[in-house]
Visitor: 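Sharing a structure below in C-alpha cells format, with a few things to ask.
In the text below, chain A, chain B and the rest are named by the order of the sequence lines, each starting its count at 1.
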Amino acid sequence: MVPAKMIALCDQRSFYASCEAVFRPDIRDKPIAVLSNNDGVVVALNEYAKAAGVKKFEPYFKQRELMERQGVQVFSSNYELIGEQSRRIMETLRALAPAEIEVYSIDEAFIDMTGLSSDGIKSLSRQLRDAVWQHQRIPMGVSVAPTKTLAKLGQYATKKIPTINGVCVLERPHQWQWLAERVAVEEVWGVGRRLTSKLNAIGVRSAADLSRLSEREAKAMQGVTLVRTVQELNGVGCLDIETAPPPKQQIICSRSFGQKITNLDDLKEAVSFFSCRAAEKLRGQESYAYRLSIWVQTSRFDSEPINAESAIEIPGGSDDSRRLSQVAIDLLQGMYYPGARYAKAGVTLNDLRPHLGYQLDWLEADSVGGGSEVVMGVMDRVNKRFGRGALTLGRQVGRHNYAMQRALKSPSYLTRFTDLPLIRMG
DNA sequence: TCTGGGGTCCTAGGACCC
DNA sequence: TCTGGGGTCCTAGGACCC
C-alpha cells in the first residue's frame, strides 16, 4: 500500500561542477571545483575533487596549492550558465510531472507523486532522471517519500548506494528506518553544525536517534522547527509542496566587493545597485516595503572591523527603485567613515506588505502612485527583454569598482552568441 | 516607595540552507 | 597585493505600556 502522500525530490549532482563539464567533455573525468563570488571560497566540487581532499566552503587561497597539485579544474561562478541550465532542467521536469512542481533551489525541485502506484512512482522517477541526462547532460538523483524531510534523506541513498542508479523510493516505515539508522544526524535537512553538537551531547547520533526524540526535548532544543523535523522523519508531513512560494517577509541584496572601496561615490553606486535589485525582487512578489536598512562593513578579518547598520521607515511604503535607492543613499551619507576600506555592503527591505489590500496613505504624495507603477513596469519589461541592467538609474553608472572578480569564469555557452560552443568537424 | 504580571513591538543575533 | 559567499527565517530578550 502506497502512503497517502508521496513527494519526490529531484537533486542535480554537484550542480555547478556538472554544468562546467557539459560543454567540456575533456574534463568530465577530472576533479572540478567552482568558486563563490569574487573567487572567495569553494562552493561546489565533483566527486573527483572531493576525493582529492578539496574542502567545500574553505577559502580558495588556502586550498590553491593543493588544487594545483591535484590538477583540479577551477572555475569562477558563472551565473549566466548555471541559471540557464537550471531553467531548462525545470522545464524538462515540468513537462513530465503530474502536477505543478516546486522549484526549491537552483538545483532542486519537489514533485508531488501522490496517487501514483508503486510501479508508477518508480518508472516516473527513472524517466525524470533519464530525461534530464538526455536533454541537459546533468546527472540527477530522484528520491521519493511521504515527507520532504524523508525525501531529502533518500538523496543520501542515491549518492551512496550505486546499485540503485540514482533512484530511491521509500514507501514503508521499515525502509526509511533502515536508512535513518545509517545516516548521521548532521545529514538531516534542518540540522546544522550547532544543533549537531547539541544533539551529539545527549547521545543523538543518527537520523533514527533523532526520530525518537520526544516533542518536549525537540521543542526545548530548537523550537518548532526541530519538532517539525522529528515528525517528518516519522512520516508525518508538516511541510507541503509550495508551487507558489509564499511572499518573502524580508528581502536582502548584498555583495562582497571585488576590491576594497575607499570613497563615498563608489559606495553610493554599490548601495544604489543593491537597492534596485532588492526593489526588483520586491515588485516580483507584488509587495511594498515599509522599512529599509543598509549596512556597510570592512573585512571581518581586520584588527578593528567596522560594521555599521542603519534603518529607516518608508512612510506609505514603496516598491519604486528610484525612491528606495534615494532613501538608501541618504542613510549611507551618515554612516560613511573616510579612510575605511569597505569590503561589503547590503540592503534589506523589511515590513513587506502585499499590494492587494494595502492602506493608501493619502498624506504621502510621493508614496504609491504618481506614475510609479508605469515607470517601474517599463523598467522591468525592458530588463526582462534585453537582460538585467539594460535600463538602470543614472546613480548606478560609474566606475563599478564594487563589481566582483571572476578571473576563472567559463564562457556563457547558452546565453551569448559570441560564446556559443564550436564543434570542429573532420 | 517599591513591587508585580502580562501583553506587544522591535531588533540583534543565531541558525540554517544552497 | 593579499585574499574569507549570499539569502531567509526564528527567537530570546529588551523596551515600553497597562
Visitor: Both atom distances under 3.5 Å, Watson-Crick or G-U wobble: I'd like the secondary structure of DNA chain C as a dot-bracket string, with | for pairs made across strands.
Guide: ....||||||||||||||
Visitor: Tell me: CD of Gln259(A) to C1' of dG4(C), nearest whole Å?
Guide: 17 Å
Visitor: Check DNA chain B against residues 208-221 of chain A and give the residues with a non-hydrogen atom under 4.0 Å, in numerical order.
Guide: none
Visitor: Please determine if Arg129(A) forms a cation-pi arrangement with Trp133(A), meaning its NZ or CZ atom is less than 6.0 Å from the six-membered ring centre and no more than 45° off the ring axis.
Guide: no
Visitor: Of the options Ile101(A), Val144(A), Ile241(A), Val142(A), which is the one that meets Ile111(A) in a side-chain contact (heavy atoms from CB on, under 4.5 Å)?
Guide: Ile101(A)
Visitor: Roughly, in whole Å, what's the span from CD1 in Ile252(A) to P in dG5(C)?
Guide: 15 Å
Visitor: For Leu35(A) and dG4(C), what is the distance between atoms CG and P respectively, to the nearest whole Å?
Guide: 12 Å
Visitor: Would you be so kind as to tabulate the donor-acceptor pairs closer than 3.5 Å made by side chains of residues 54-70 of chain A, with sequence neighbours excluded?
Guide:
from: Gln63(A); atom 1: OE1; to: Lys55(A); atom 2: N; distance (Å): 2.7
from: Gln63(A); atom 1: NE2; to: Lys55(A); atom 2: O; distance (Å): 2.9
from: Gln63(A); atom 1: NE2; to: Glu58(A); atom 2: O; distance (Å): 3.4

Visitor: To the nearest Å, give me how far apart CG (Asn37(A)) and C1' (dG4(C)) are.
Guide: 12 Å
Visitor: If a pair satisfies ring-ring contact (aromatic ring centres under 6.0 Å, His included) and one of its residues is in residues 267-286 of chain A, list it, with sequence neighbours excluded.
Guide: Phe273(A)-Tyr402(A)
Visitor: Between Trp189(A) and Phe110(A), how do the two ring planes meet: parallel, tilted or perpendicular, split at 30° and 60°?
Guide: tilted
Visitor: Need one value for Lys248(A): base, sugar-phosphate or nothing, where a base atom within 4.0 Å counts as base even if backbone is also close, heavy atoms only.
Guide: sugar-phosphate
Visitor: Rounded to the nearest Å, what distance is computed from the CZ atom of residue Arg255(A) to the C1' atom of nucleotide dG5(C)?
Guide: 10 Å
Visitor: Side-chain donor-acceptor pairs under 3.5 Å in residues 336-345 of chain A, sequence neighbours left out?
Guide:
from: Tyr336(A); atom 1: OH; to: Thr262(A); atom 2: O; distance (Å): 2.9
from: Tyr342(A); atom 1: OH; to: Tyr337(A); atom 2: N; distance (Å): 2.9

Visitor: Between dG4(C) and dC16(B), how far apart are the P atoms? Round to whole Å, please.
Guide: 25 Å
Visitor: Each nucleotide in nucleotides 7-18 of chain B should get exactly one letter: B, S or -. Can you fill that in based on protein heavy atoms under 4.0 Å?
Guide: ----S---SSSB
Visitor: Are Phe61(A) and the base of dG4(C) stacked, counting only ring centres nearer than 5.5 Å and planes tilted under 30°?
Guide: no
Visitor: If you measure from OG1 on Thr92(A) to CZ on Arg87(A), what distance do you get to the nearest 0.5 Å?
Guide: 10.0 Å
